[in-house]
Amino acid sequence: MRASATLQTTFDERTFTIVFTGLGGRRVELSRISVPYSRLKDTMRVLLSQGVRIQSVSPEGSEPAAATTTSAPPAPVTVTTSKPKPAAKPVPVNIYKPKAPFLGTVTENYSLLQEGAIGRVQHITFDLSGGDPHLEYVEGQSIGIVPAGEDAKGKPHKLRLYSIASTRHGDNLEGNTVSLCVRHLQYEKDGETINGVCSTYLCDVEPGSKVKITGPVGKEMLLPDDEEANVIMLATGTGIAPMRTYLRRMFESNERNENGWNFKGKAWLFMGAPKTANLLYDEDFLNYEKEYPDNFRYTKAISREQQNPKGGRMYIQDRVLEHAEEIFSMIEDPKTHVYICGLRGMEPGIDEAMSTAAAAKGLDWSELRPALKKAHRWHVETY
Ligand SMILES: Cc1cc2nc3c(=O)[nH]c(=O)nc-3n(C[C@H](O)[C@H](O)[C@H](O)COP(=O)(O)OP(=O)(O)OC[C@H]3O[C@@H](n4cnc5c(N)ncnc54)[C@H](O)[C@@H]3O)c2cc1C
C-alpha cells in the first residue's frame with residue numbers, strides 16, 4: 001500500500017482518493033472512491049474487510065502516478081460506511097451449560113407439514129420464564145437440548161444443538177419463550193428402523209414436560225445490524241429455522257413494532273424441499289412477499305415436483321444457477337450477506353453452482369468465496 005506523506009497532517013476539510021483492486025474478486029481492475037477525511041478511516045476498514053488491496057491513498061488533486069496511469073478506466077464504486085450506532089449489547093453465549101441446564105417447559109408441539117408430506121417436522125416452543133439468569137438469545141443462535149434418559153452405557157445423553165426458530169422476543173413477543181423446528185431422524189439399518197435419540201424425544205414431547213436446555217451458542221449466523229443490508233438466504237428442510245427468525249424480525253408487523261429495527265434492504269429466500277407439503281412456514285413467507293414486494297423475494301425448489309432445465313429434479317442449486325446474474329450483482333454490493341443452513345449435503349451443490357455462475361461473470365469463485373467469508377458476509381451452518 002502506498003500512502004501519501006501528506007496524510008500525516010490534519011485534513012479535516014479535505015477529500016481523499018483511495019485507489020484499490022480486488023473488489024468482488026476482480027484482481028486487476030482498479031477502482032477508486034473519494035471520501036472526506038472524517039470517513040477515511042472507516043471507509044478503509046470497510047474496504048479491507050471486503051478483501052480488497054489498497055494501492056494508494058492521497059488528498060484529492062495529488063493522486064500518485066501509479067493510480068492515474070492505469071490502462072483500465074476505474075470503475076465507480078460506492079462504499080457506504082455504517083452509521084455510528086450506540087454500542088451493541090454483547091451476544092449472549094452459554095448462559096446455561098450442560099452440567100446445570102435450564103429446565104424449560106414445553107408449551108406447544110405441533111406439526112409443520114401438510115397432508116402428503118415426507119417425514120415428520122415439529123414446531124416446539126419452551127417457556128423460559130423464571131430463569132436466573134434469564135436465558136436470552138438473538139436471531140441466528142442455537143440452543144442445546146439434553147434428551148431425557150441414558151445411553152447404551154448407562155450415561156446421560158449428550159446434548160444436541162438446534163437452531164432457534166423464534167426471534168429474541170419469542171413467538172408470543174413476550175421475551176420468555178424459545179421455539180425450535182425439529183425433523184424426526186429415522187433411517188433403516190440392517191432391516192431395522194432406527195429413531196434418532198433427541199429428535200424422537202423432542203418430536204414426541206408433550207406440552208407441560210420439562211426439558212433440559214443449554215446455551216445459547218453460535219455467532220456465525222447473526223444478522224448484520226445495518227437496516228439497509230441485503231440478505232440472501234439458502235435453506236433446505238429445518239435449515240429454515242434461522243431464516244424464519246430473520247424474516248420475522250424484518251417483516252412480521254408486531255415484531256417490527258417491538259424491535260425498533262426497520263429493515264430497508266432486500267431479502268431473498270431460496271427454500272429447498274422435496275414436496276410442496278414439506279415447505280415450512282410457507283404461508284408466513286407468502287404473506288411477507290405480498291406485504292413487502294420491494295423488499296422480499298421467495299424462490300422455491302421443490303425437487304420431486306419441479307424439473308430443472310436438464311429435466312432432472314429441481315434442487316436449490318438449480319435455482320441459484322437460474323438467478324446467478326442477480327445473485328452476483330447483489331453480492332458485489334458490500335452490504336449483501338449470504339446465509340446457508342440445512343443438511344451438510346447441500347453445500348457442494350451450491351458451491352458448484354456459484355463456481356459456474358462466477359465463471360460466467362469472469363470471476364473466480366475459489367478466490368471470491370474466502371474473501372466473502374473473511375468479510376463476514378458468507379455465513380454457513382450445515383449439519
Ligand atoms: C448447529 C446445529 C444446528 C442444528 N439445527 C437443527 C435444527 O434446527 N433442526 C433439526 O432437526 N436438527 C438440527 N440439527 C441436528 C441435531 O443437532 C441432531 O443432530 C439431529 O436432531 C439428530 O439427533 P438425534 O439425537 O435424533 O440422532 P442420533 O441418535 O444422535 O443419531 C444421529 C446419528 O445417526 C446416524 N445416522 C443418521 N442418519 C443415518 C442414515 N441415514 N444411515 C445411517 N446412519 C445414520 C449418524 O451416525 C448420526 O450421527 C442441528 C445441528 C447443529 C450442529
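In listed order, ligands and their atoms are each counted from 1.
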Derivation of the side-chain hydrogen bond (donor to acceptor under 3.5 Å, both in side chains) call for Glu305 and Thr276: CA-CA 8 Å; Glu305 296 171 12; Thr276 300; 2.5 Å; yes

NE2/His134: more than 12 non-hydrogen atoms of other groups inside 6.0 Å: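 For His134, atom NE2 is crowded (more than 12 foreign heavy atoms under 6.0 Å).
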
Neighbour count above 12 (heavy atom, 6.0 Å) for Glu206 CD: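 No - once you tally the heavy atoms of other residues, nucleotides and ligands closer than 6.0 Å, there are 12 at most.
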
I need the nearest protein heavy-atom contact for [atom]: residue, atom name and distance, please.
atom                    : answer
atom 19 (O) of ligand 1 : Arg160 CG, 4.3 Å
atom 26 (O) of ligand 1 : Ser199 OG, 2.6 Å
atom 29 (O) of ligand 1 : Val197 N, 2.8 Å
atom 46 (C) of ligand 1 : Tyr187 OH, 4.9 Å
atom 21 (O) of ligand 1 : Tyr162 OH, 2.7 Å
atom 53 (C) of ligand 1 : Tyr383 CB, 3.9 Å

side-chain hydrogen bond (donor to acceptor under 3.5 Å, both in side chains) between Asn262 and Arg256, worked out: CA-CA 7 Å; Asn262 187 9; Arg256 280 168 73 95; 2.7 Å; yes

Residue part near ligand 1, for Leu185, under 4.0 Å between non-hydrogen atoms: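 Side chain only.
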
Ring center gap for His323 and Trp268 short of 6.0 angstrom: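 Ring-ring flag for His323/Trp268: true, centres closer than 6.0 Å.
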
Counting heavy atoms only, which of [options] comes nearest to [atom]?
atom                    : options                        : answer
atom 11 (O) of ligand 1 : Arg183, Lys158, His157         : Arg183
atom 16 (C) of ligand 1 : Leu161, Leu180, Leu159, Asn195 : Leu161
atom 8 (O) of ligand 1  : Cys198, Ser163, Ala165         : Ser163

Mutual orientation of the aromatic rings belonging to Phe263 and Phe251 [parallel < 30°, tilted 30-60°, perpendicular > 60°]: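 The arrangement is perpendicular - the two ring planes meet at more than 60°.
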
Intermediate values then yes/no, side-chain hydrogen bond (donor to acceptor under 3.5 Å, both in side chains), Thr105 and Asp127: CA-CA 5 Å; Thr105 309; Asp127 186 354; 5.5 Å; no

Lys NZ or Arg CZ of Arg244 over Tyr281 ring: under 6.0 Å, within 45°: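 Yes, Arg244 and Tyr281 form such a contact.
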
Cationic tip of Arg249 above Trp261 ring, under 6.0 Å, 45° of axis: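 Yes.
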
Any Lys189 heavy atom less than 4.0 Å from ligand 1: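 Per 4.0 Å heavy-atom rule, Lys189 does not contact ligand 1.
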
Heavy-atom protein contact below 4.0 Å for atom 44 (N) of ligand 1: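 Under the 4.0 Å cut-off, atom 44 (N) of ligand 1 does have protein heavy-atom neighbours.
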
Contact bool for atom 48 (C) of ligand 1 (protein heavy atom, d < 4.0 Å):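 Protein heavy atoms within 4.0 Å of atom 48 (C) of ligand 1 - there are none.
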
Which of the ligand 1 atoms, numbered from 1, are nearer than 4.0 Å to a heavy atom of Cys181: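 Answer, ordered by atom number: 7 (C), 8 (O), 9 (N), 10 (C), 11 (O).
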
Numbering as shown, the atoms of ligand 1 that approach Val182 to under 4.0 Å (heavy-atom distance):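 Counting atoms of ligand 1 from 1, those under 4.0 Å from Val182 are 11 (O).
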
